Amino acid sequence: MNWLEKSFRKKPLPRSFYQRPTLEVAKELLGKGLFVKNRSGSFLCRIVEVEAYLAEDDPASHSFRGPTPRNAPMFCEGGTAYVYFTYGMHFCMNVVTEPSGKGAAVLFRAAEPLLGIKEMQKNRKLKGESPLKNLCSGPAKLTQALGINLKDNKRTFFRPELKLIDLRQDLSDSQIGSTPRIGISKGTELPFRFIIKDSPWISKHVFRKHTR
DNA sequence: GCTAGGATGCTCT
DNA sequence: GAGCATCCTAGCC
């Protein structure tokens with residue numbers, strides 16, 4: 001059995017994984033496998049960069065001002081997908097954390113492509129030759145590569161065609177770095193972006209003293 | 001190598 | 001009407 005067949009059969013991470021403090025979940029999502037199957041193909045990638053958006057005291061979080069039609073999925077139970085449309089052309093995907101009603105989530109920012117790379121390249125619609133590093137190194141690049149859009153909003157990650165799986169590549173604390181989040185104007189001091197420090201697949205290298 | 005600017009439309013005030 | 005959890009390209013070192 002090859003890797004793809006194995007990941008097809010792997011059990012999703014349980015709901016209890018997500019129903020914990022958001023910062024904990026965010027760190028532990030690093031190194032996990034994101035499996036997606038849809039019209040454009042079957043994909044597996046390894047998460048290398050995420051950002052946490054908390055339920056309370058986090059002005060950058062979409063949930064900061066309470067529920068609205070757009071952010072409603074953030075108030076669903078842990079393990080739900082929150083996909084939104086931004087800048088008039090891009091989608092970003094989060095997984096909801098904590099018990100339902102809280103309003104917290106973790107944004108997937110970058111991943112290492114493992115399977116379905118040709119289809120990812122097609123989905124990205126890049127002209128000419130482009131390095132593999134450019135496939136999933138940003139939240140909107142990732143959703144485009146995997147063919148994620150609003151139809152995935154409010155789905156859960158406990159499905160055969162949309163799930164997060166354990167790749168058995170646990171990381172030590174020393175391999176994880178934290179930096180301020182990217183592309184926001186409020187809450188910029190909070191170090192809630194988590195990366196696999198030496199991964200070449202992350203979106204941006206932010207130069208900072210305290211990337212531990 | 002880097003930066004500035006434009007694309008583009010939904011969401012909430 | 002402003003702002004947006006972005007990306008790509010052109011133009012400039």
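This structure is a prediction, so every number in the text was calculated from the model and none was measured. Chain identifiers are assigned alphabetically (A, B, ...) following the order of the sequence lines, protein sequences preceding nucleic acid strands; residue numbering begins at 1 within each chain.
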Notebook entry, point to check: Rounding to a whole Å, what distance do you find between His90(A):NE2 and dG6(B):P?
Noted result: 16 Å
Next item on the list: Could you work out which one of dC7(C), dT11(B), dA7(B) sits closest to the side chain of Lys141(A)?
Entry: dC7(C)
Next item on the list: Run the salt-bridge test on Arg20(A) and Glu28(A) with the 4.0 Å N-O cut-off and return the result as yes or no.
Entry: yes
Next item on the list: To the nearest Å, give me how far apart CG (Leu150(A)) and P (dC10(B)) are.
Entry: 10 Å
Notebook entry, point to check: Which one, dC4(C), dC7(C), dC8(C), comes nearest to the side chain of Asn134(A)?
Noted result: dC8(C)
Notebook entry, point to check: Less than 5.5 Å between centroids and less than 30° between ring planes, does Tyr87(A) satisfy that with dC4(C)?
Noted result: yes
Item checked: Heavy-atom check, side chain of Leu142(A) versus side chain of Met93(A), under 4.5 Å -> no
Next item on the list: May I have the distance from Ile182(A) (atom CD1) to dC4(C) (atom P), rounded to whole angstrom?
Entry: 16 Å
Checklist line | Separation of dT13(B) P from Asn71(A) CG (nearest whole Å) | finding: 10 Å
Check: Rounded to whole angstrom units, what separation is found between the CZ atom of Phe64(A) and the C1' atom of dC12(B)?
Finding: 15 Å
Checklist line | Ion pair Arg46(A)/Glu112(A), N-O distance below 4.0 Å | finding: yes
Note to self: Rounding to an integer number of Å, can you tell me how far Glu49(A) CD sits from dT6(C) P?
What the structure shows: 10 Å
Check: Strictly under 6.0 Å, is that where the ring centroids of Phe35(A) and Phe8(A) end up?
Finding: yes
Next item on the list: Name the nucleic acid region contacted by Ala140(A), choosing base, sugar-phosphate or nothing; use a 4.0 angstrom heavy-atom cut-off, strictly under.
Entry: sugar-phosphate
Notebook entry, point to check: Picking from dC7(C), dC4(C), dG9(B), which would you name as closest to the side chain of Lys186(A)?
Noted result: dC4(C)
Margin query: For Phe85(A) and Phe91(A), take the angle between the two ring planes, folded into 0 to 90°, and tell me which bin it lands in: parallel under 30, tilted 30 to 60, perpendicular over 60.
Written below: tilted
Next item on the list: Classify the side chain of Tyr84(A) versus the base of dA5(C) as yes if they form a donor-acceptor pair under 3.5 Å and no if they do not.
Entry: yes
Next item on the list: Send over the distance from Leu107(A) CG to dT6(C) P, rounded to a whole Å.
Entry: 8 Å
Checklist line | Any Thr86(A) side-chain N or O less than 4.0 Å from OP1/OP2 of dG9(B) | finding: no
Next item on the list: Can you figure out which of dT13(B), dT6(C), dA5(C) approaches the side chain of Arg65(A) most closely?
Entry: dT13(B)
Margin query: When both hydrogen-bonding distances must be under 3.5 Å and the geometry is Watson-Crick or G-U wobble, what is dG5(B) paired with, if anything?
Written below: dC8(C)
Notebook entry, point to check: Is any side-chain N or O of Arg124(A) closer than 4.0 Å to OP1 or OP2 of dC7(C)?
Noted result: no
Notebook entry, point to check: Base, sugar-phosphate alone, or nothing: which one does Ser185(A) contact when heavy atoms must sit under 4.0 Å apart?
Noted result: sugar-phosphate
Next item on the list: Could you check which of dC12(B), dT6(C), dA7(B) has an atom nearest any side-chain atom of Pro69(A)?
Entry: dC12(B)
Check: Between Arg15(A) and Tyr18(A), is NZ or CZ placed under 6.0 angstrom from the six-membered ring centre and within 45° of the ring axis?
Finding: no
Next item on the list: Determine if Tyr53(A) stacks with dA5(C); use a centre-to-centre distance below 5.5 Å and an interplanar angle below 30° as the criteria.
Entry: yes
Check: On DNA chain B, nearest-nucleotide positions of Thr68(A) versus Met89(A): which is more 5'?
Finding: Met89(A)
Note to self: Does Arg181(A) reach a base, just sugar-phosphate, or nothing at all? Heavy atoms under 4.0 Å.
What the structure shows: nothing
Notebook entry, point to check: Rounding to a whole Å, what distance do you find between Leu142(A):CG and dT6(C):C1'?
Noted result: 13 Å
